[in-house]
K.L.:
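Have a look at this one.
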Number of protein chains: 2
Amino acid sequence: MDTGAREGGNALLFLTDEQLRKGIEAMFFAYQGFTADPDRILADLAYGRAHHRAIHFINRSPGTTVNNLLAILGVTKQSLNRVLRALVEDGLVKSEVGQRDKRERHLFLTDAGIALERRLSDAQRDRMRAAYRAAGPEAVAGFRQVLEAMMDDKSAARYAALKELKG
Amino acid sequence: MDTGAREGGNALLFLTDEQLRKGIEAMFFAYQGFTADPDRILADLAYGRAHHRAIHFINRSPGTTVNNLLAILGVTKQSLNRVLRALVEDGLVKSEVGQRDKRERHLFLTDAGIALERRLSDAQRDRMRAAYRAAGPEAVAGFRQVLEAMMDDKSAARYAALKELKG
DNA sequence: TTGGAATGTCAACAAAGCTGACGTATTGTG
DNA sequence: CACAATACGTCAGCTTTGTTGACATTCCAA
């Protein structure tokens, strides 16, 4: 860490506008790859990325409330509600009234929801795994470092909130 | 490169589902940061990311044709046309009939377009630069490696097509 | 008991993608 | 020359996913 500043000469060449532009474009096209496989699966089911995200985070934190999910996703409740309603109607998500606080709805995946989550995350993980394997562990460490440094405050807060839950 | 396979024991720990999940989530939240700053600027102008992308690639390859742009962006001509029309009407892009082939329209940024492009890319580059600086050159190399390995075929082809143009 | 928080719903709207169809100008080819 | 193909634009309509604003319900807590 902090190598760039200490090394002399042209060690800062990785910060040129050209290099930054390449990074920006790589990020753009990589994100397309990142979402391509789940998108294909979702298209067949008349779902979109919003459904994928909801399923992902419900799976990650079973029993989470609607408000929690709202905070993580950073969308309006109306937007999330539409997605959630479809998932509940289709029997992929179940929403249970809270016991301690009956205003809250706790969200769980049904067996069908778990099955779809697995299809989606398997597809996404397969691509990620292939990329990781091709690039090697050091590259992966750098990848994660840069990504975490790139988050804006809101996204970083959401990311941090997740860490407190699990890993 | 290819370290993972050679090293013994638990050198493949970076390929666990947990690690992959973290990478997936980091990618999701980092992309929000990646687009947050330009999005703020665009919102004031009643533009969206689609406009940003068009402006970016016209700036990158001045005189490019509509078809070229279509291929790079991977959207339909109707979708691009809507965006392009707004940009031309607002005087940010000019469209010139081709000399060799009069069916083609060659796209250029006007001075106003160049100014907006600079605002947008400055904002995006600033964040990218800060992330790069914080992570250091080795991390950046890894970042780029993983991103390039993550692209799907179509996106990789688009990315490669760009490389042939400039860097 | 009353105020506020959590949730849900209705309506309306916008951005940005899509398909399909059609028109026009231009170019290349048989 | 005639015709097919290409490049581009446009109209119409549909989808997903986001947004505001307004309002009702339920329920906890002061």
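Throughout, a chain's letter reflects where its sequence line sits, starting with A, and its residues are numbered from 1. All values below were derived from every heavy atom in this structure, side-chain atoms included, with hydrogens, water molecules and symmetry-related copies excluded. As the structure is a computational prediction, the values presented were derived from the model and not from experiment.
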K.L.:
Starting at atom CG of B/L73, determine the distance to atom C1' of C/dC18, rounded to an integer number of angstrom.
P.N.:
15 Å
K.L.:
When the distance from CD of A/Q99 to C1' of D/dC28 is rounded to whole Å, what number comes out?
P.N.:
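These atoms are roughly 16 Å apart.
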K.L.:
In whole Å, I'd like the distance from the CZ atom of A/R103 to the P atom of C/dA6.
P.N.:
6 Å
K.L.:
May I have the distance from A/D101 (atom CG) to C/dT7 (atom P), rounded to whole angstrom?
P.N.:
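So the two atoms are 8 Å apart, to the nearest Å.
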K.L.:
Please find the pair of heavy atoms, one from B/G113 and one from B/I55, that lie closest to each other, and give the distance.
P.N.:
O-CG2, 4.4 Å
K.L.:
Please report, rounded to the nearest Å, how far the C1' atom of D/dT17 is from the CZ atom of A/R85.
P.N.:
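Roughly 13 Å, once rounded to whole Å.
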K.L.:
Do you know the tightest heavy-atom contact between B/G48 and B/L42?
P.N.:
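Here B/G48 and B/L42 meet closest at O-CD1, 3.5 Å.
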K.L.:
Between N or O atoms, less than 3.5 Å apart, protein on one side and nucleotides 19-21 of chain D on the other: list the pairs.
P.N.:
| unit_1 | atom_1 | unit_2 | atom_2 | d |
| --- | --- | --- | --- | --- |
| D/dT19 | OP2 | A/T76 | N | 2.6 |
| D/dT19 | OP2 | A/T76 | OG1 | 2.8 |
| D/dG21 | O6 | A/Q78 | NE2 | 3.1 |

K.L.:
CZ of A/R105 to OG1 of A/T65: how many Å apart, nearest 0.5 Å?
P.N.:
11.0 Å
K.L.:
If you assign each of A/V83 and A/R100 to its closest nucleotide in DNA chain D, which residue comes earlier from the 5' end?
P.N.:
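Taking each residue's closest nucleotide, the earlier one in sequence belongs to A/V83.
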K.L.:
Do the side-chain N or O atoms of B/N67 get closer than 4.0 angstrom to the phosphate oxygens (OP1, OP2) of D/dT6?
P.N.:
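Result: no.
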K.L.:
On the nucleotide C/dT9, are OP1 or OP2 found under 4.0 Å from the side-chain N or O atoms that A/N81 carries?
P.N.:
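Checking C/dT9 against A/N81, a side-chain N or O does come within under 4.0 Å of OP1 or OP2.
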K.L.:
Taking the inter-plane angle between the rings of B/Y31 and B/F34 on a 0 to 90° scale, is it parallel (under 30°), tilted (30 to 60°) or perpendicular (over 60°)?
P.N.:
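Geometry flag for B/F34 against B/Y31: tilted rings.
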K.L.:
Using atom CG of B/L69 as one end and atom P of C/dG17 as the other, report the distance to the nearest whole Å.
P.N.:
11 Å
K.L.:
What I'd like to find out is whether the side chain of B/Y132 reaches to under 4.5 Å of the side chain of B/R125, using heavy atoms alone.
P.N.:
no
K.L.:
Taking N and O atoms by type only, does the side chain of A/R105 place a donor or acceptor under 3.5 Å from a partner on the base of C/dT7?
P.N.:
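Per atom types, no contact qualifies.
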K.L.:
Take the protein atom NZ of B/K94 and the nucleotide atom C1' of D/dC8, then report the distance between them rounded to whole Å.
P.N.:
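Taking atom C1' of D/dC8 as the reference, NZ of B/K94 is at 20 Å.
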K.L.:
Where the side chain of B/T110 meets the backbone of B/L92, is there a donor-acceptor pair that is under 3.5 Å apart?
P.N.:
yes
K.L.:
For the residue pair B/H56 / A/E25, report whether a side-chain donor-acceptor contact shorter than 3.5 Å exists.
P.N.:
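A pair is found: one side chain offers a donor N or O, the other an acceptor, under 3.5 Å apart.
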K.L.:
Mind checking salt bridge (charged side-chain N to carboxylate O under 4.0 Å, His left out) for A/R85 and listing every partner two or more places apart, or none if nothing turns up?
P.N.:
none
K.L.:
For A/D37 and A/D126, what are the C-alpha separation, side-chain angles and deciding distance, and is it a side chain to side chain contact (heavy atoms under 4.5 Å, CB included)?
P.N.:
CA-CA 9 Å; A/D37 302 318; A/D126 283 353; over 6 Å; no
K.L.:
In residues 27-53 of chain A, which residues come under 4.0 Å of DNA chain C by heavy atom?
P.N.:
none
K.L.:
Find the distance B/L84:CG to D/dA7:P and express it as a whole number of Å.
P.N.:
16 Å
